[in-house]
Amino acid sequence: MQKNILNKILTIGIGLIWLANGLLCKVLNLVPRHQKIVGNILGDGFAKPLTISIGVLEIFMAVWIFSGYKSRVNAMLQMLIIGVMNILEFALVSELLLWGKYNIVFALLLICVIFYNEFHLKKTN
């Protein structure tokens, strides 16, 4: 029973991370640093529309997480996206990250939480 409750709490928390980053940080541009990161990696000319597009995709990820549909596929995709995104940012724009090169540590922790939540806590039928 406790595992089920912790799984639900973590699932909501993970979904809220995607929702906040997508809607608040990227679509509403409340954290302009995200657009600078996209601009430095993909080019300033397309930074705004690409940042908004990424934000919309992150909102869709949150909806998918909350739905519970194909949650294992979802978890694997989340871990892949977080890993690739943070490796690129570490290598190319670490000076723009909130915690600099230490951002990769927080990304790894989030990947571990997603893995633990989906593959250890989640009740499988």
Side-chain angles (χ1 to χ4, degrees):
M1 183 64 157
Q2 295 287 13
K3 287 173 105 176
N4 193 30
I5 293 169
L6 183 56
N7 172 255
K8 287 180 183 187
I9 291 169
L10 287 175
T11 299
I12 291 168
I14 292 163
L16 288 174
I17 289 170
W18 285 98
L19 182 61
N21 272 289
L23 179 61
L24 302 176
C25 297
K26 294 182 180 80
V27 172
L28 297 176
N29 199 29
L30 296 180
V31 184
R33 176 174 44 81
H34 288 268
Q35 193 169 315
K36 288 180 185 174
I37 291 168
V38 172
N40 278 16
I41 294 173
L42 300 173
D44 288 327
F46 297 105
K48 185 174 184 173
L50 285 173
T51 303
I52 292 170
S53 298
I54 292 166
V56 169
L57 291 171
E58 289 178 342
I59 293 167
F60 284 139
M61 179 64 82
V63 171
W64 185 10
I65 292 166
F66 295 139
S67 78
Y69 179 73
K70 300 227 183 234
S71 63
R72 293 215 164 184
V73 172
N74 178 282
M76 289 186 285
L77 185 60
Q78 286 182 71
M79 292 184 291
L80 178 67
I81 290 168
I82 293 166
V84 169
M85 175 187 69
N86 278 277
I87 288 169
L88 284 171
E89 290 172 344
F90 180 89
L92 301 174
V93 291
S94 61
E95 70 281 357
L96 293 176
L97 301 176
L98 184 59
W99 296 293
K101 290 195 182 265
Y102 292 107
N103 249 51
I104 199 108
V105 174
F106 294 100
L108 182 58
L109 288 173
L110 181 57
I111 289 169
C112 290
V113 168
I114 293 167
F115 180 85
Y116 179 73
N117 188 50
E118 183 60 38
F119 295 96
H120 291 285
L121 288 181
K122 186 162 186 189
K123 183 179 168 184
T124 56
N125 295 331

> Who passes ring pair (Phe, Tyr, Trp, His ring centres under 6.0 Å) against F115, sequence neighbours left out?
Replying inline: F119, H120

> Looking at L24, I14, I59, I65, which hits side-chain contact (heavy atoms from CB on, under 4.5 Å) with L19?
Replying inline: I59

Contact list for [range], test salt bridge (Lys or Arg N to Asp or Glu O under 4.0 Å), sequence neighbours left out:
{"range": "residues 8-24", "value": "none"}
{"range": "residues 104-117", "value": "none"}
{"range": "residues 25-49", "value": "K26-E58"}

> Which residue pairs satisfy the side chain to side chain donor-acceptor pair (under 3.5 Å) criterion with at least one member in residues 90-117, sequence neighbours excluded?
Replying inline: N7-N117, T11-N117

For [X], all residues meeting side-chain contact (heavy atoms from CB on, under 4.5 Å), sequence neighbours excluded:
{"X": "L108", "result": "C112"}
{"X": "S67", "result": "W64, Y69"}
{"X": "A47", "result": "Q35"}
{"X": "I9", "result": "I5"}

>> Under the criterion side-chain contact (heavy atoms from CB on, under 4.5 Å), I'd like the reasoning laid out for H34 against I54: C-alpha separation, chi angles, the key distance, then a yes or no.
In response: CA-CA 10 Å; H34 288 268; I54 292 166; over 6 Å; no

>> Check for me, please, whether I17 and V56 land in the same ILVMFWY cluster - side-chain distances under 4.5 Å, paths through other members count.
In response: no

> Could you walk me through whether I37 and L97 pass the side-chain contact (heavy atoms from CB on, under 4.5 Å) check?
Replying inline: CA-CA 8 Å; I37 291 168; L97 301 176; 3.8 Å; yes

>> Taking side chain to side chain donor-acceptor pair (under 3.5 Å) as the definition, give me every residue that meets it alongside S71, ordered by chain and number, with sequence neighbours left out.
In response: E118, K122

>> I want to check something: taking the side chain as every heavy atom from C-beta on, are L96 and E89 in contact at a cut-off of under 4.5 Å?
In response: no

>> A side-chain contact here means heavy atoms from C-beta on lying under 4.5 Å apart; do N29 and T51 qualify?
In response: no

